[in-house]
Amino acid sequence: MADYKKTIDFIKSVYGNKEFTPLAVPVFAGNEKAYLNECIDTTFVSSIGKFVDRFEEEMAKYTGCKRAVVCVNGTNALHMSLMFAGVERDDEVLTQALTFIATCNALSYIGAHPVFLDVDLTTMGLSPDAVKEWLIKNAEIRNGECYNKNTGRCVKACVPMHTFGHPVRIEELALVCEEYHIELVEDAAESIGSLYKGKHTGTFGKVGVISFNGNKTITTGGGGMMLFNDDELGAYAKHITTQAKVPHRWEFRHDHIGYNYRMPNINAALGCAQLENLNKCVASKRKVATEYIDFFNNVDGIDFFAEPENTFSNYWLSAVVLKDKEAQLDFLQQTNNNGVMTRPIWELMSRLQMFEKCENDGLRNTIWFADRVVNIPSSVRLEDL
Ligand SMILES: *Cc1c(COP(=O)(O)O)cnc(C)c1O
């Protein structure tokens with residue numbers, strides 16, 4: 001068994017040698033308190049208020065999309081996004097088994113079925129090669145729509161996830177989806193601030209989803225956002241996620257089944273303050289990653305997972321790749337026993353009882369990562385801001 005004491009000491013030193021080093025905690029270094037106080041002083045803590053509009057406008061400007069629409073959390077933003085992409089009951093959705101449960105829960109709320117395809121070794125995210133290969137083998141186009149020849153179901157959408165903030169080969173995925181008439185919905189929950197060839201993740205498809213949960217790069221307490229390049233769809237999304245109320249000074253009229261998924265003003269206030277420091281937060285995470293890269297270059301048996309080519313990663317969660325499953329468990333035990341919080345990558349979706357019968361392509365790289373990847377402490381450092 002390897003002794004990871006040197007690595008444990010190094011990780012502790014990256015975060016100031018505290019007794020306990022958590023995986024990812026938020027930092028509040030700017031106008032958070034001022035904006036929250038403003039909500040309370042003006043009584044606008046709930047479903048209306050200027051911070052909601054401001055947060056949406058500033059996120060649209062920051063990411064370069066046409067319209068950004070807030071949600072209560074990233075999971076319901078994904079649910080809504082799939083709905084806006086046209087996914088219906090019994091459709092199939094191509095996605096990765098190497099993801100957080102929210103991706104699959106969201107499509108399940110609609111009654112759609114995931115098809116789990118493999119990830120790239122370079123990105124840890126959905127592989128355009130795997131998608132193409134599966135489509136060539138299994139898909140046919142009828143009346144301008146893509147169908148799975150074996151199940152007869154419509155393959156409506158493809159949901160790549162930018163794992164730990166590292167962008168997938170999104171341009172190639174977009175091309176495959178276009179060729180097969182499949183809607184592209186990006187789960188960019190982890191990748192705010194990450195770029196593919198200079199363009200923000202979450203802006204390549206029909207809809208992109210960001211999460212502002214407490215462990216993400218910036219937080220609103222709980223919250224999510226949908227990014228649209230289509231103004232009209234964005235406006236429709238705003239309407240549907242705010243109870244589909246027809247604007248009027250006093251009448252209560254609603255023209256669709258709507259959802260109460262709007263982020264409260266108090267959360268948006270936190271988001272506006274956090275957004276002011278987002279670039280510094282990303283810079284801090286990237287600085288931490290650079291320190292890890294330098295260190296792990298000289299460590300046998302542990303590889304640090306670095307950003308793929310053509311990308312700028314927010315390094316939301318730093319990850320290392322151990323030699324095998326045994327080494328992974330050993331590393332997890334030694335770090336967690338010594339005050340350094342680490343976590344294995346998520347249990348694969350294809351191994352959970354709700355999804356174990358879903359189709360998959362063998363998931364060779366996915367399983368390889370599942371047996372080896374461990375996340376190490378990755379918080380933004382206050383002193384970097
Ligand atoms: C965080 C996350 C989400 C959304 O999570 P919420 O907690 O609902 O905001 C969705 N997908 C992935 C991959 C995530 O990491």
Side-chain angles (χ1 to χ4, degrees), residues 23-26 55 59 68-83 85 87 93-110 112 114 116-117 119 123-126 157-168 170 173 184-194 201-202 205 207-227 241 259-264 267-268 270-271 274 281 285 305 313-319 343-350 352 354-355 366 369-370 373 375 378-379:
L23 198 65
V25 290
F55 192 36
M59 274 296 290
V69 177
V70 287
C71 271
V72 177
N73 55 54
T75 307
N76 64 42
L78 269 170
H79 172 205
M80 291 293 102
S81 296
L82 289 162
M83 208 173 75
V87 176
V93 176
L94 311 181
T95 190
Q96 53 201 71
L98 196 83
T99 186
F100 177 59
I101 188 73
T103 319
C104 293
N105 277 342
L107 64 93
S108 301
Y109 300 155
I110 300 178
F116 298 117
L117 302 179
V119 296
T123 69
M124 266 197 248
L126 191 63
C158 173
V159 186
M161 194 280 280
H162 304 285
T163 306
F164 306 144
H166 301 305
V168 301
I170 190 69
L173 277 170
L184 180 61
V185 175
E186 286 176 82
D187 185 342
E190 304 178 352
S191 63
I192 188 171
S194 296
T201 54
V207 199
V209 169
I210 306 268
S211 166
F212 301 106
N213 188 39
N215 64 348
K216 297 298 201 298
T217 300
I218 61 169
T219 185
T220 59
M225 194 162 279
M226 294 176 280
L227 308 178
T241 53
Y259 296 80
N260 182 16
Y261 277 180
R262 147 177 47 201
M263 176 189 288
N267 299 84
L270 202 51
Q274 289 263 286
C281 290
K285 281 184 185 272
F305 194 87
S313 173
N314 71 2
Y315 279 98
W316 168 56
L317 278 189
S318 279
R343 286 285 179 269
I345 203 162
W346 313 280
E347 179 67 275
L348 299 181
M349 296 302 107
S350 49
L352 301 178
M354 308 82 80
F355 302 115
T366 302
F369 278 127
V373 171
N375 289 119
S378 317
S379 303

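Just the heavy atoms: all of them, side chains too, but no hydrogens, waters or symmetry mates, feed the values below. We number each residue from 1, following the sequence as shown. Order of listing sets the numbers, starting from 1, for every ligand and every atom in it.
Checking only distances, G74 does come within under 3.5 Å of ligand 1, N or O to N or O. Among the atoms of E190, some N or O lies under 3.5 angstrom from an N or O of ligand 1. Here's the thing with K216: one of its N/O atoms is less than 3.5 angstrom from an N/O atom of ligand 1. Considering backbone and side-chain atoms alike, D187 places an N or O below 3.5 Å from some N or O of ligand 1.
Atoms of ligand 1 found under 4.0 Å from any heavy atom of M161 (numbered from 1 in listed order, with element): 13 (C). The N73 neighbourhood of ligand 1 comprises atoms 8 (O), 9 (O), with distances under 4.0 Å to a heavy atom of that residue. Taking every non-hydrogen atom of S211 and a distance limit under 4.0 Å, the qualifying atoms of ligand 1 come out as 1 (C), 4 (C), 5 (O), 6 (P), 9 (O). Near T99, the atoms of ligand 1 lying under 4.0 angstrom from a non-hydrogen atom of the residue are 13 (C). Near A189, meaning under 4.0 Å from any of its heavy atoms, are these atoms of ligand 1: 2 (C), 3 (C), 10 (C), 11 (N), 12 (C), 14 (C).
With a 4.0 Å cut-off on non-hydrogen atoms, N215 does not touch ligand 1 at all.
Listed for the Q274 side chain is no donor-acceptor partner under 3.5 Å among the backbone atoms of I218. Judged by distance alone, the side chain of S313 and the main-chain N or O of G165 form a donor-acceptor pair under 3.5 Å.
Taking the six-membered ring where tryptophan is involved, the planes of F212 and F55 are tilted, since the angle between them lies from 30° to 60°. Note: F305 and H166 have tilted aromatic rings, judged against thresholds of 30 and 60 degrees for the angle between ring planes. Taking the six-membered ring where the residue is Trp, F164 and W316 present tilted rings, their angle falling between 30° and 60°. The aromatic rings of F355 and F116 sit perpendicular to each other, their planes meeting at more than 60°, with 30° as the lower class boundary.
When all heavy atoms of C158 and L126 are compared, the pair lying nearest together is SG-CD2, 3.5 Å.
Q96 and T103 share no side-chain donor-acceptor pair at under 3.5 Å.
In terms of protein heavy-atom proximity, atom 8 (O) of ligand 1 is nearest to T75 OG1, 2.5 Å.
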